*Asks:* 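Here it is: the structure, laid out below.
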Amino acid sequence: MGTASVEESKKRPLVFAYYVTGHGFGHATRVVEVARNLILAGHDVHVVTGAPAFVFTSEIQSPRLFLRKVLLDCGAVQADALTVDRLASLEKYSETAVVPRASILATEVEWLKSIKADFVVSDVVPVACRAAADAGIPSVCITNFSWDFIYAEYVMAAGNHHRSIVWQIAEDYSHCEFLIRLPGYCPMPAFRDIIDVPLVVRRLHKSRKEVRKELGIGEDVNVVILNFGGQPAGWKLKEEYLPTGWLCLVCGASESEKLPPNFLKLAKDAYTPDLMAASDCMLGKIGYGTVSEALAYKLPFVFVRRDYFNEEPFLRNMLEYYQGGVEMIRRDLLTGHWRPYLERAMTLNPCYEGGINGGEVAARILQDTAYGKNYTLDKLSGPRRLRDAIVLGYQLQRVPGRDLCIPDWYANAESELGLRTGSPSAVTAENKSLADSFYQDFEILHGDFLGLSDTLSFLKSLAGLDALVDSPTKTGKHTIREQKAAAGLFNWEEDIFVARAPGRLDVMGGIADYSGSLVLQMPIREACHVAVQKIHPSKQRLWKHALARQQDKGQGPTPVLQIVSYGSELSNRGPTFDMDLSDFLEGDEPITYEKARQYFARDPSQRWAAYVAGTVLVLMKELGIRFENSISLLVSSAVPEGKGVSSSASVEVASMSAIAASHGLNISPRELALLCQKVENHVVGAPCGVMDQMTSACGEANKLLAMICQPAEVLGLVDIPGHIRVWGIDSGIRHSVGGADYGSVRIGAFMGREIVKSIASKLLSQSLSTNGRYPDDSEEGGVELLEAEASLDYLCNLSPHRYEAMYAKVLPDSLIGESFIGKYTDHRDPVTTIDKTRNYGVRAAARHPIYENFRVKAFKALLTSATSDDQLTALGELLYQCHYSYSDCGLGSDGTNRLVQLVQEMQHSKASKSGEGTLYGAKITGGGSGGTVCVIGRNSLKSSEKVLEI
């Protein structure tokens, strides 16, 4: 009897509720295929979507399809077709899904019960999984990415106060039975049970010949389909964008838009798969729909990167793995230099041979699961899976981490991030043998590798590039695209110059550098290498699109700057950059720094190039150098980005050092550091001080560089006593010196300086009117002190006792920008701009550098005092004071605070008190708001074990 009832239930038609995310058409189009197969199997499908009805009804004409127009999430908010607005995305999600969450859940539970839903499918709406659980209905997700992974990057970069969104989404996903995972997937830690299926693509209705006949296009015409889901803002198509004899089919053009004669506007409801299959290549942005269908129909895909969408690197790698993709630089898209990319696309032979019946396979899995078949192992508890999601998601976003089911290309990129060089030491026999093996290919013209194994490895890889020109191969270090670009970068008959510059650990001083403090900085073993070749334009090996750009201008060979940067996959930035050096000129004079910032800001995926190419412009403007030859650069950095250890300074210093060497420029380390600071301040637009560049240019291994930042006066190198050691621990929270918090604190400090000067001037006037003595000023030489303070260049020249006696009580806690400008006109900082509407903290921002300068002086003096536990305790206390002063300024973070708390717990534990102490102090470093924590302790194995434990 029981068996008969089970068999009878299998014949019963099922009711599926299918939720579709509000992000783009790609999700809706793949839902069509799964829903179509469920309906063919005799089931009812209720689709909950914000997409237009025609997307579904044009493909499914059945009374079993029900559409419910409801939007339960918003996906990523796009500023235009190529740019995601990260903060707006978080705010919109909060408005759409977080604020009304309780009413959404109540409504969805009631609706699911009203339609008698047997099963819930989500692509990939988080709250649908929770609503299903509340209604007692099983659910499954079908996707190639999840929103917790996407939003994690936005939270780090644009809206830390929205971070609870990520954990809520992960918790919602944890309620589903399992994940049906599509190819080209991202890491999705919220799902513990996973079933992989083939590509989900829409079927073709018509043949290539039929479509071309309907459109009146001959077989001899080359056709490109333009598929951006809308066009970049302010973009106008022109006839000359296409090679002669080509035709472009335009998706998503507005009805009012007039197109050139070689561009054909498609109807809003045109069936894209048929049009794609009838085309010779596609030009568009990467998304699941475009990539999967391009692979399925073996259509070469010329793509332009989309900013700030973490799904893209995984789809892009899949596309390129099957030899189906050509990347176009955004600048060339917008200016119409399409020809070299389209011609390159025509030479591709896409080779995807995998399944394209993912819709059918997924539908069968959904049906079987709804009938009771168990596809999954015993699940871990919801709280346990949520913890896994948080921890693993956190690791994947911020430090090397690995899930069992991460694609090979992600693991390879991740291992590249994890590459670290060894400690500087004498050349080992192994290194010597390694060096000998490539001396015959690579001659060192000046200097040597100083026993640095990372330099030796870089030189070896450089010498081996020539062999990769025709046959690049994937390695654990660099992607094929990076290798291919690097292999074609240099003319191997000409000299190549290599420079190395390390990152740095901020031991003491930090953000007080821009206020003139004494700082103590230590170079770290991780470094950036840059190889540079100066070459006559006629001998430079130009990339095809750069050559086409010159040819289009009707010019002969002119100086071009070409850059390849390894590690591009880790931050979804373009691996190459090129520009005509004439772009840096207006007439015979270099362009302004403001115009340079605008130039590099046009394409966020290539904004990184400002750190490298900016060194060329600064040399032109500050030293009057004119570059008559072309320049080719290869950048390879092991300094981790976003960790507060000056990855940007190491790139700038290595780049400028190599360029200076290749052009015979004799620039002192101090001058070079100051020039590199100008790159960061004026070309990149990040308001940093100078200590990072100075440490990279002037520091020595295992010593502290002591420097007074007024602006950059080196006092010398300070030895770290043998019984003391410092460590840097990555908090896992991304830091950016260009972030709003750092800039606002800097502005607050400069406001404080101007207010101090104003108060001192008033007191000085009153003092002079009373015959040289101000009634409340009992200090000897009060007039001289007031005179110095009335013309204060650096806050750090004000002593703590003087600050407390005269100014602490009268400095405001905070000031609105407009109020400050109305009273003091300007804060006199050349690298920051006051926002009139913003409220700036003043007292804490001004107090910090004044006391930090004192703390650094005390720290330096203590290093030479007698060895004792008291010495270590005092050094540690100075670090703690610095850390909490950062927090007072608003530059702390939960992650760094937790690390400092762990150090304190270990320091004050019973085990530590009963024996020899290990760790004595810790502080946040650099620009704060995440990044690295500096720890000081006794130089012992036990201390290192404690650091590893933390």
Side-chain angles (χ1 to χ4, degrees), residues 6-7 9-21 26-49 56 59-60 62 64-65 112 117-126 128-129 131-133 135-146 172-186 188-203 288-289 292 296 354-380 385 403-405 407:
V6 171
E7 291 300 323
S9 71
K10 287 187 178 181
K11 297 176 184 177
R12 179 177 66 84
L14 300 169
V15 177
F16 289 88
Y18 209 140
Y19 288 82
V20 189
T21 189
H27 297 266
T29 56
R30 70 191 184 199
V31 165
V32 165
E33 269 305 296
V34 181
R36 186 177 67 82
N37 280 281
L38 286 171
I39 289 171
L40 285 174
H43 307 299
D44 289 353
V45 179
H46 294 253
V47 178
V48 183
T49 180
F56 301 91
E59 183 66 5
I60 306 173
S62 170
R64 291 189 177 277
L65 173 68
L112 287 170
D118 295 295
F119 208 85
V120 171
V121 189
S122 179
D123 184 356
V124 61
V125 181
C129 303
I137 301 169
S139 65
V140 163
C141 286
I142 303 179
T143 186
N144 64 302
F145 75 84
S146 56
D172 283 346
Y173 286 147
S174 76
H175 289 283
C176 80
E177 298 297 307
F178 56 86
L179 165 69
I180 296 177
R181 187 169 61 180
L182 304 176
Y185 53 83
C186 302
M188 291 180 275
F191 303 99
R192 294 289 90 190
D193 295 314
I194 295 168
I195 300 173
D196 286 308
V197 298
L199 287 175
V200 176
V201 297
R202 291 175 288 178
R203 57 182 178 160
Y288 178 83
S292 62
I356 57 173
N357 64 333
E360 178 186 347
V361 174
R364 190 183 314 122
I365 293 170
L366 292 172
Q367 174 185 268
D368 291 350
T369 304
Y371 280 144
K373 181 175 180 179
N374 183 18
Y375 274 95
T376 66
L377 303 173
D378 292 336
K379 293 189 299 182
L380 297 170
R385 291 200 291 169
D403 192 2
L404 293 175
C405 300

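None of these values were measured; they are calculated from a predicted model. Residues: numbered from 1 along the sequence shown.
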*Asks:* How long is the span from the CD1 atom in I142 to the CD1 atom in I365, to the nearest 0.5 Å?
*Replies:*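 Between I142 CD1 and I365 CD1, I get 8.0 Å after rounding to 0.5 Å.
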*Asks:* Under a 4.0 Å N-O cut-off, is there an ion pair linking E33 with R30?
*Replies:*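 Salt bridge: no.
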*Asks:* Which residues pass the side chain to side chain contact (heavy atoms under 4.5 Å, CB included) test with T29, not counting sequence neighbours?
*Replies:* V55, R202
*Asks:* Could you list the residues that satisfy side chain to side chain donor-acceptor pair (under 3.5 Å) with S139, not counting sequence neighbours?
*Replies:*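 S139 satisfies side chain to side chain donor-acceptor pair (under 3.5 Å) with no other residue.
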*Asks:* Y18 and V125: side chain to side chain contact (heavy atoms under 4.5 Å, CB included), yes or no, with the steps?
*Replies:* CA-CA 10 Å; Y18 209 140; V125 181; over 6 Å; no
*Asks:* Is the closest side-chain heavy-atom distance between V15 and H46 below 4.5 Å?
*Replies:* yes
*Asks:* Show the nearest heavy-atom pair for residues I356 and A296, with the distance to one decimal.
*Replies:* CG2-CB, 3.7 Å
*Asks:* Can you name the closest pair of heavy atoms from N37 and G359 and give their distance?
*Replies:*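 Nearest heavy atoms, N37 then G359: ND2-C, 3.7 Å.
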*Asks:* With D118, which residues qualify under side chain to side chain donor-acceptor pair (under 3.5 Å), at least two apart?
*Replies:*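 R12.
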*Asks:* Using salt bridge (Lys or Arg N to Asp or Glu O under 4.0 Å) as the criterion, list what pairs up with D196, not counting sequence neighbours.
*Replies:*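 Testing D196 for salt bridge (Lys or Arg N to Asp or Glu O under 4.0 Å), a comparison that skips the adjacent residues, returns R181.
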*Asks:* For K373 and Q367, run side chain to side chain contact (heavy atoms under 4.5 Å, CB included): C-alpha distance rounded to whole Å, both residues' side-chain angles, the deciding distance at 0.1 Å, then the answer.
*Replies:* CA-CA 9 Å; K373 181 175 180 179; Q367 174 185 268; over 6 Å; no
*Asks:* So, using side chain to side chain donor-acceptor pair (under 3.5 Å) as the criterion, who are the partners of T49 when residues are at least two apart?
*Replies:*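 Partners of T49 by the side chain to side chain donor-acceptor pair (under 3.5 Å) criterion come out as none, since no residue qualifies.
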*Asks:* Please find the pair of heavy atoms, one from Y173 and one from V124, that lie closest to each other, and give the distance.
*Replies:*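 Minimum heavy-atom separation between Y173 and V124: OH-O, 2.8 Å.
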*Asks:* Under the rule for salt bridge (Lys or Arg N to Asp or Glu O under 4.0 Å), what residues qualify as partners of E360, not counting sequence neighbours?
*Replies:*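 Partners of E360 by the salt bridge (Lys or Arg N to Asp or Glu O under 4.0 Å) criterion, ordered by chain and then number, come out as R364.
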*Asks:* To check you understand the geometry: which heavy-atom pair defines the closest contact between N144 and G184, and what is its length?
*Replies:*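 Nearest pair, atom of N144 first, then G184: ND2-O, 3.9 Å.
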*Asks:* Could you check whether any side-chain N or O of Y371 sits under 3.5 Å from a backbone N or O of L14, counting only pairs where one atom can act as donor and the other as acceptor?
*Replies:*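 Answer holds: no.
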*Asks:* What do you reckon, are the aromatic ring centroids of F145 and H27 less than 6.0 Å apart?
*Replies:*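 Yes, the ring centres sit under 6.0 Å apart.
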*Asks:* Look at the aromatic rings of H43 and F16 and report parallel, tilted or perpendicular, splitting at 30° and 60°.
*Replies:* perpendicular
*Asks:* When rounded to the nearest 0.5 angstrom, what distance separates CZ in F119 from CG in L38?
*Replies:* 10.0 Å
*Asks:* Report yes if some heavy atom in the side chain of V120 is under 4.5 Å from a heavy atom in the side chain of L112; otherwise report no.
*Replies:* yes
*Asks:* Mind checking what makes salt bridge (Lys or Arg N to Asp or Glu O under 4.0 Å) contact with R64, not counting sequence neighbours?
*Replies:* D44
*Asks:* For F56, give me all partners under ring pair (Phe, Tyr, Trp, His ring centres under 6.0 Å), at least two apart in sequence or on another chain.
*Replies:* none
*Asks:* Tell me the closest heavy-atom pair linking V201 and S292, and the distance in Å.
*Replies:* CG1-O, 3.6 Å
*Asks:* Quick check: do C141 and L179 have side-chain heavy atoms less than 4.5 Å from each other?
*Replies:* yes
*Asks:* Hey, mind stepping through L366 and I180 against side chain to side chain contact (heavy atoms under 4.5 Å, CB included) and telling me if it holds?
*Replies:* CA-CA 9 Å; L366 292 172; I180 296 177; 4.0 Å; yes
*Asks:* Taking side chain as C-beta onward, heavy atoms only, is Y288 less than 4.5 Å from L199?
*Replies:* yes
